[in-house]
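Okay, so here's the structure we're looking at.
Worth knowing before you read on, the calculation uses all heavy atoms, side chains too, and leaves out hydrogens, waters and symmetry mates. Keep in mind that this is a model prediction, so the values were computed, not measured.
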Amino acid sequence: MNGWWVVAAGNGGVQHNGAADLVKARAQLLDGARTSRLDPEALRAALVDLFELWLTSKGNELGITADSGLSLVAVGGLGRREMLPYSDLDLVLLHDDIDPAVVAEVADQLWYPLWDAHIKLDHSVRTVPQALRVAADDLVAGLGMLEARHIVGDVELSNLLIGGVRREWRTGIRTRFDDLVTQTQQRWQRSGQIAHRAEPDLKNGRGGLRDIQLLDALAIAQLTDAMPGLGPDVPGGGLRQAHRRLLDVRTELHRVAGRARDQLRAQDADEIGAALRIGDRFDLARTLSDSARTVSYSVDVGVRTAANALPRRGLARLRRMPVRRPLDEGVVEHSGEVVLARDARPQRDPGLILRVASASAQTGLPMSATTLNRLSEDAPELREPWPKDALNDLLVLLGSGRGAIDAVEALDRTGLWGRLFPEWGAVRDLPPRDAVHTWTVDRHLMETVAYASGLSTRVARPDLLALGALLHDIGKGRAGDHSVVGAELATHIGRRLGLWPSDIRTLTAIVRHHLLLPDTATRRDLADPATVAHVVDALEGDVGLLELLHALAEADSLATGPGVWGDWKASLIGDLVRRCKLVMAGDPLPQPEPIDPELVEKAQAGGVHVTLTPGEGKHNFIVTVIAPDEPGLLADAAGVLALHSLRVLSASLGSVGDSAINSFVVTPKFGDPPDAGLLREELIRASSGALNLANVLAKREAEAVGPGPGQYARAEPRMIFSTTSTPGQVILELRAEDRIGLLNRLAGAFAGVGANVRWAKIVTMGAAVVDAFCLDLVDGDSPHQRERIESAVREVIPRPAPPPPKPEPFDE
């Protein structure tokens, strides 16, 4: 008898007439005060021995012996030899067509002591054919019986069940595979990803213990190795180490909670981390992320390998072998995976890793595990500085949108990404320190890369944007300001990649200042010249760097989590960037857009013209209105557009002679845009007074918004006046939240205070507007006139909700 058993059982060991001593012995194993505390693995082994001893002794007492025609089989945790402190006891009592009354009596004497001791028991009594039918009809039960293990009694009876279940699983996997995958995906959807959950489900979550059981089931079906795609030398130690870590955490979770539990609660994480000598809750989260992502990658590989290995029958067996489609030099597609060409020589081609990864990211096809293993074993290190082709392949990979995330994840789980970027180790699986961040730091970097790829046309150097997105938080996980530390690392990485010295300086500046725009825009007064000067000085007047940081700020925010990037933040950063550009480039104040000569010619001919043409976006259209330049035309045109649910995204307003030429970029809120002839007809009706736009729009807004806080703005509107060189003329820059018919209302407000709109630039960003109006003031420019304009504008733009009324003083 083992030493632990002597301590746990105390005097007399486990009694045969009940299970109270079994519970007592289990409690003593868990009580570190009386015995030297067992580590999780030793504890699980001790619990397996404890339950097996009790069940064996009880079985012998009840006559469950080798020649009795009875057999006791364990499934679940005891069957896997993974008994946790408060795991359910899953048992099957097999019998060989024995008298039902005899079997029932034996079963009662076996189950009732366990129930009386409050041990959770999942039990069944069956013949072998009955058990095989259950396994064949019920996928969950079938998966469970794959883990069956003989405990006591007729071993041949147990072997008939174990062998039969496994044999039928192998022969029937072709018809059950789709249901198995669907069931797994539904479980993931319910339980989420362990790697990115604050309180993960260690058993059912993606990357958890159920997934390891899935791999074992596929291996039993002889479709894949139980440890596909990973070895012991990859980050984290591979699948075997990941499995043990998950079991250890779940074991300690049971010990801490004092009952069965699968979900790791935040309040228990510090205690569990300390018990496992991992560290605090952040260290534990990092360990779980690494383990779960290793399991997730292994499951992806295992399921994909199994699908390709499924036995084919009938006509499927006669199909030709899959064609190898070339993707890049030394890279082909085969059976839905990216693999090496037959003539590829990884030993002589260090850039092959990036070509394989970029092909995967671009096509959306996964990289074969065999290919990744071969690259890991054979591909040499890239020399420094990298060849231009290798850098180009990296940029192709990073510019592939969301496809880059899966490709880099696969490289990282197999140790190849860390070979390319050794600095990645400090951020790998590093958990965020605040609830705003959804992802681990390394995943956040790749999410930022994916979002940045969609913004690449906004900047002159999309290559530096992609690299900046990849490296902007690379300094985290180290001592010191991560922006400063990251900038130093970016300099070294830039040299390794073979960038030009000027590009290295820009990349370093991107990482160093990646928080400059959002921090400044949200914490300082943008109307203060010192604010703009602070940014301009920090960036040394580099307009290109400013544009890169602007795009990165958006990508970084979108990659952080829901709600981090919105219209308000976009408006503030956009305003700051525009002001900085004016100072950096010495640009003049906003000027009217040049007018197309064809429009000028049509305006000179007179009359009312309305055209509607497709815009640059799929759902964008350009509405051009040419009409006599009379007071109220802008308000009428904008009102007609709003009446037909055409949202103005931007506008350019100008005039030639006696005619106004107003172009609006619009998007329909519902369906397709109306016919241009209808817009022209209603514009004429509005100008003649036959159509009361103000009443119709007010009713439309009331129906859309309704009473209550929806009619109020969430941010304080801002108006900035600038003087032009023309006497009596000012430029008003308006930043406010949008509302139905806002441009119509603004035009009416200007007309009501004697301010004629000479030209305008209208920009709508989400729920916010950033508009510039050049106003000719009938009564001249003066503080009083500006106050009148501001007052009139405030009447028509959304206003912040009024503060709640103060409570009345208590009258005694």
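- Side chains of E554 and S557 form no contact here, defined as non-hydrogen atoms less than 4.5 Å apart.
- By the 4.5 Å heavy-atom criterion applied to side chains, I405 and R443 are counted as neighbours.
- Counting heavy atoms of neighbouring residues, nucleotides and ligands inside a 6.0 Å radius, atom CZ of R786 exceeds 12 of them.
- Between L499 and L467 there is a side-chain heavy-atom pair separated by less than 4.5 Å.
- W439 has its side chain out of reach of L445: every pair of non-hydrogen atoms, C-beta onward, lies at least 4.5 Å apart.
- Using a 4.5 Å heavy-atom cutoff, the side chains of K581 and V577 are in contact.
- By the 4.5 Å heavy-atom criterion applied to side chains, L549 and L539 are counted as neighbours.
- With 3.5 Å as the limit, one finds no donor-acceptor pair spanning the side chains of D556 and H514.
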Next on the checklist: Please evaluate residues R685 and E681 with respect to the criterion salt bridge (charged side-chain N to carboxylate O under 4.0 Å, His left out), reporting the C-alpha separation (whole Å), side-chain torsions for both, the decisive distance (0.1 Å), and the verdict.
Outcome noted: CA-CA 6 Å; R685 289 180 61 213; E681 178 184 338; 5.7 Å; no
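- Taking W565 as the reference, nothing meets the ring-ring contact (aromatic ring centres under 6.0 Å, His included) condition, with sequence neighbours excluded.
- In this structure, the ring of H444 has its center less than 6.0 angstrom from the ring center of H472.
- Shown are D542, V536, V532; of these, the side chain to side chain contact (heavy atoms under 4.5 Å, CB included) with M584 is made only by V536.
- With values rounded to the nearest 0.5 angstrom, F773 atom CZ is found 5.0 Å from L746 atom CG.
- Going from atom CG of L545 over to atom SG of C580 covers 11.0 Å, rounded to the nearest 0.5 Å.
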